[in-house]
4 protein chains.
Amino acid sequence: MPTLKQIVEDDHTPAGRAFALLIQSLILLSMVEFSMDTLPNLPDGVRAALKWFEIFSVSVFSIEYILRIAVADSRVAYLFSFFGIIDLMAILPYFVGLPFDLRSVRAMRLLRLFRLFKLARYSAAVRRFHLALRIAKEEIVLFLFATIILLFLGAVGIYYFEGDAQPETFGSVFHCLWWAVETLTTVGYGDVHPITVGGKAFTLGILLIGLGVIAVPAGLVATALAKARQLEDEGVEP
Amino acid sequence: MPTLKQIVEDDHTPAGRAFALLIQSLILLSMVEFSMDTLPNLPDGVRAALKWFEIFSVSVFSIEYILRIAVADSRVAYLFSFFGIIDLMAILPYFVGLPFDLRSVRAMRLLRLFRLFKLARYSAAVRRFHLALRIAKEEIVLFLFATIILLFLGAVGIYYFEGDAQPETFGSVFHCLWWAVETLTTVGYGDVHPITVGGKAFTLGILLIGLGVIAVPAGLVATALAKARQLEDEGVEP
Amino acid sequence: MPTLKQIVEDDHTPAGRAFALLIQSLILLSMVEFSMDTLPNLPDGVRAALKWFEIFSVSVFSIEYILRIAVADSRVAYLFSFFGIIDLMAILPYFVGLPFDLRSVRAMRLLRLFRLFKLARYSAAVRRFHLALRIAKEEIVLFLFATIILLFLGAVGIYYFEGDAQPETFGSVFHCLWWAVETLTTVGYGDVHPITVGGKAFTLGILLIGLGVIAVPAGLVATALAKARQLEDEGVEP
Amino acid sequence: MPTLKQIVEDDHTPAGRAFALLIQSLILLSMVEFSMDTLPNLPDGVRAALKWFEIFSVSVFSIEYILRIAVADSRVAYLFSFFGIIDLMAILPYFVGLPFDLRSVRAMRLLRLFRLFKLARYSAAVRRFHLALRIAKEEIVLFLFATIILLFLGAVGIYYFEGDAQPETFGSVFHCLWWAVETLTTVGYGDVHPITVGGKAFTLGILLIGLGVIAVPAGLVATALAKARQLEDEGVEP
C-alpha cells in the first residue's frame, strides 16, 4: 500500500498519479470557475453554483496544502518554495480578510499543470529544455539586458523627437517607454505613434537594431534545444 | 493498361498523374468559384455561370469519392480518414439538406494540393519535413502548451490591472484573452490595449517572456529541418 | 589599356571599377531625384533642377544600355535578361510615349547596387548566401506554398465567422484575404479585425498554426547560412 | 595600494570595482532623475531635489572625466573614442551654453552598464557574442543592406498603387517609406494602410519576401552564437 508521501509527491505510483490528476483537474476547473465569475451578466443561479464550486475547490486545495507540509522532507523548504507560496496564496484569502485581492495570483497554480509533462515521452523534452536553458542562459540574460537598455534608449530618443509635437502621448520619458515597448516588440497597437519626420526616421533606426536584438532569445532557445538533443544522442551525460 | 486503382491512387503512372492533376485543378478552380460566389454585387449572368460550374465540380468530386471508396484497400480506413471526411463534407450539402452551411469546410480540400509536392525534388523536402516534425515534436507540443498557459496567465493578469479601468473591453477574463492573443502574437490590431500604468508595465513583462516562448516553435522547425538534412547527408536511415 | 568590354563589364580593372561606381552613384541619385519629384509642394526652381538631372541621368543610362548591348557576349541573352529588361524600362518612357507610367519600375535598378558586394570580403558572403538558398530552396518553397494555402484557409474560415457580422469589411473571401494577410504576418493595422467570439477563437487557432509556419523560412535561411559557412570551413567545394 | 589608474580603469581590484559600481549606480540614478524631470506635473519640491541631484551627478561625472583623461594610456585615443565623446556630451551642457539640447545624448552612457557583464560568468558570454558577430558580420551587413533596398522598393511600389487614392498619407515616396517601415517590421500602427486592391496585393507580395529577409539577422546572431559556443567547447582559440 502506498504511503501518504507517495500519494502526494510521487507521480509514479497509481495512487500518486490519481492524486495528481485530481488536483490538476481541479486547478483547471477552478480557473474556468474564476474566469466565468468575472463575466458581468451571469444569472444568479450560475453565480451561486460557481460560489459553491469555489468553496469546494478551496477546501480540497487547503487539505492538499496541509498534506504537502506534512509529508515534505523539509517543511521550511516547501513553505518558502515558489509553489509553496503560490499554494498558500491560492487559499489564504478565504481564511483571513486581506486588504487586496489575491485571486489573480491563483492563476499561477496553472504552472502546476506542467507536471503533466512528467509522462515518459515528455519528461525527456522537459529535461532537454532545462539543459537548453543552462546552455544558453548567459546569452539570454545578456540579450534581455540589452533589450531593456534598448527600450530605454528608444524612449529617450523618441521623447527628443516627439515630446513637443505630441505632449499628450509622448509627454515624458515614461510615456515614451510605452511607445518603445509596443514598437520594439512589433505589437504596434497604434494608440501612440510618431508623427514628425525625425521621429519616424528614429523609429526606423531603432527598429533595424531592435529587431536584431529582441528576436534573438527565441532563436537561442531553439538552437540550444537542438544542441541539447544532439548531446543526448551522443550519450553525453549533461 | 493501368488499373482503376492505379489511376485513382498512384501518382507515378501517367494516367494517375493526369487524374491527380485534373482533380487538383478542379479543387483550385472550385475554390476560386467559391470565393467569387461570396462577392456581394455580381451580375446575374456571372452568378449563374458559377452555379453551373459548382454543379459540374461537385459531380466530378462525387464520382471521385465513389472511386476512392471502390479502390481503397480498407474502405473503413478511408471513410474515417482525415481526407475521407473532408471529401465527404465537400459534396454532402448537395445531396442532403443540412441545418448548417458546410461549404467553408470544402476549403480544407486545398490541403490535397500538397500532393503536388510528390514530385521528385520536393518529395525529399516533404520527407525531411516529416522527419523534422518527429525530431522536434515533443518540444513543439511543450511550447504550444506553454503558449496557451501564458495566454491565460496574461489574460488574468491584465484583467487585474485593466478590468475596472476599461470594463467594456477588459470586463472579464474571456475579454482579456482576446487582448492576450493579439498582444502575445504581436498582431496588435489596437482595438484593445491597456491604458493604466500597471497594465502597461504588465504588458512589458509578459511580452519579454512571451516573445521568448511564442517564436520558439518556428525556430525548432527550422533547426530540426537542418538536422534532418544533415541526417540525410550522412546516409542515416531515419 | 582596358578594352571597352572590360570597362563596362569587369569590376576588377580600375577603369571598370570607376565605370561601375559612376553608374551606381547615378542610380542612387536618380532614385533620390525620383523620390523628391513625388513631393507635392516643391518650389518651381527645385522641380526644374530635378527635371534637368533626370534628362542627364537618362542620357547616361541610355549610353550605358547601348554599351552593354555592344560588348555583350550574347546580345539576345542580355536583352532578355532580368537586368536587360529593367535597364530598358528605365529609359524607354523618355523615347516613346507609353500609355502607362513605368517610372516606378526604374526603382528595380537599385538591385544593381548589390554589385557593391562584389568586394573581396562580401563576395564570399554573397556566395554563401547563394549556397544557402540552394541548400534550403525546396523547404523554403514548401513553406511559402503552405503560407499561401494557410492565408486562403484563414480567409475562408474568418468569412464563415465574420461575414454576416461585418459585411463591410469581411463581405467576401477576397475581403477576408486582406485580414488574413495582415493577421498572419502579425502586421495588424487594425482596419479589419474580428468582433464575434467565434471569429476571435478562430484567430487564435489560425495564429497558433500560422506563427509556426510563416516564421520558418527566415529560420531556414539562417540555419542554411550557418551550414554554408561550415561547408566552407571544411573546404568542401560546394 | 592601488594606483589611480587601477581604480579608474581596472575592474579587477577591489577599489576599481567600487569605483565602477559607484559610477554605474550614478549613471542609473541620473537616468531615473532625467526621466522624472520630463514628467509635466511635478511638485516644486521634487523638481528642486532632482535639480540638486543633477548638479551632484554632473560634478561626479566631471571628476570622472578628468580622471579618465589623466590616467589614459593615450589621451587622444580616449578623447575621440565612442565613450570619450559620450562622457563629454554628458557634462558639456552644464559648462558652456549650447544652442541645442544634448541631454538626451546622456542616455547613451547607459551603454556603460554593459560593463556589469565583465563578471566572470558573463564575460564569457560577451566574448562569445563578439565572436558570433565576427562570424556572421558579413551576412548581417548583407541582410541589413537588403532590408534597406527592400524598404525603398516597397515605398516606391505602394506609391504607385496608393499615391492617387490616399494623397494625404501616401502622397510621396517619403510618405510611403514610413508605411514600408511599419509594415515590413510588422509593427503596423495602422495610421497608414493600403485601401486599393492593387495596394493590398502588393502588400502581400512584399511581405512574403520581406518576412524572409528582415527576420534573418536575428537568426544569424542565434546560430552564430551556437557556433561560437561550439568552437569554445572544442577549445579552438578564436
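What you see is a predicted model; the values in this text were computed from it and never measured. Lettering of chains follows the sequences in order, A, B, ..., and the numbering in each one begins at 1.
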> Side chain, backbone, both or neither: which part of D:Leu220 has a heavy atom under 4.5 Å from chain A?
Replying inline: neither
> Under a 4.5 Å heavy-atom cut-off, does chain D meet the side chain of A:Leu204, its backbone, both or neither?
Replying inline: both
> Quick one: of D:Val221, D:Thr223, D:Leu39, who has the most non-hydrogen atom pairs under 4.5 Å with chain A?
Replying inline: D:Leu39
> Is any side-chain N of the basic residue among D:Asp37 and D:Lys51 closer than 4.0 Å to the acidic one's carboxylate O?
Replying inline: no
> Looking only at heavy atoms, what is the nearest atom pair of A:Val216 and D:Ala222, with distance?
Replying inline: O-CB, 4.3 Å
>> Applying salt bridge (Lys or Arg N to Asp or Glu O under 4.0 Å), can you list everything that pairs with A:Glu139, at least two apart in sequence or on another chain?
In response: D:Arg128, D:Arg229
> For A:Ile135, is it the side chain, the backbone, both, or neither that has a heavy atom closer than 4.5 Å to a heavy atom of chain D?
Replying inline: both
> What is the distance from atom CD1 of D:Ile140 to atom OG1 of D:Thr147, rounded to the nearest 0.5 Å?
Replying inline: 11.5 Å
>> Test: ring-ring contact (aromatic ring centres under 6.0 Å, His included). Region: residues 201-231 of chain A. Which pairs qualify, not counting sequence neighbours?
In response: A:Phe161-A:Phe202
>> Does D:Phe83 have more than 12 heavy atoms from other residues, nucleotides or ligands lying within 6.0 Å of its CZ?
In response: yes
> Under a 4.5 Å heavy-atom cut-off, does chain A meet the side chain of D:Ser35, its backbone, both or neither?
Replying inline: both
> Is D:Phe170 close to D:Trp179 at the side-chain level, that is, under 4.5 Å between some pair of heavy atoms?
Replying inline: yes
> Which heavy-atom pair separates A:His175 from A:Thr169 by the least distance, and what is that distance?
Replying inline: CB-O, 3.3 Å
>> Tell me every residue that passes salt bridge (Lys or Arg N to Asp or Glu O under 4.0 Å) with D:Lys137, counting only those two or more places apart in sequence or in another chain.
In response: none
> Is it the backbone or the side chain of A:Ala146 that comes under 4.5 Å from a heavy atom of chain D, or both, or neither?
Replying inline: both
>> Please classify the contact of A:Pro167 with chain D as side chain, backbone, both or neither, using a heavy-atom distance under 4.5 Å.
In response: neither
> Checking A:Leu153 against chain D: side chain, backbone, both or neither under 4.5 Å from a heavy atom?
Replying inline: side chain
>> I need the contact set between residues 180-193 of chain D and chain A: heavy-atom distance under 4.5 Å, sorted by residue number.
In response: D:Val181, D:Thr185, D:Thr186, D:Val187, D:Gly188, D:Tyr189, D:Asp191
> Which one of A:Ala226, A:Ala155, A:Pro194, A:Ala215 has the most heavy-atom pairs closer than 4.5 Å to chain D?
Replying inline: A:Pro194
> Charged N to carboxylate O under 4.0 angstrom, A:Arg109 versus A:Glu64?
Replying inline: yes
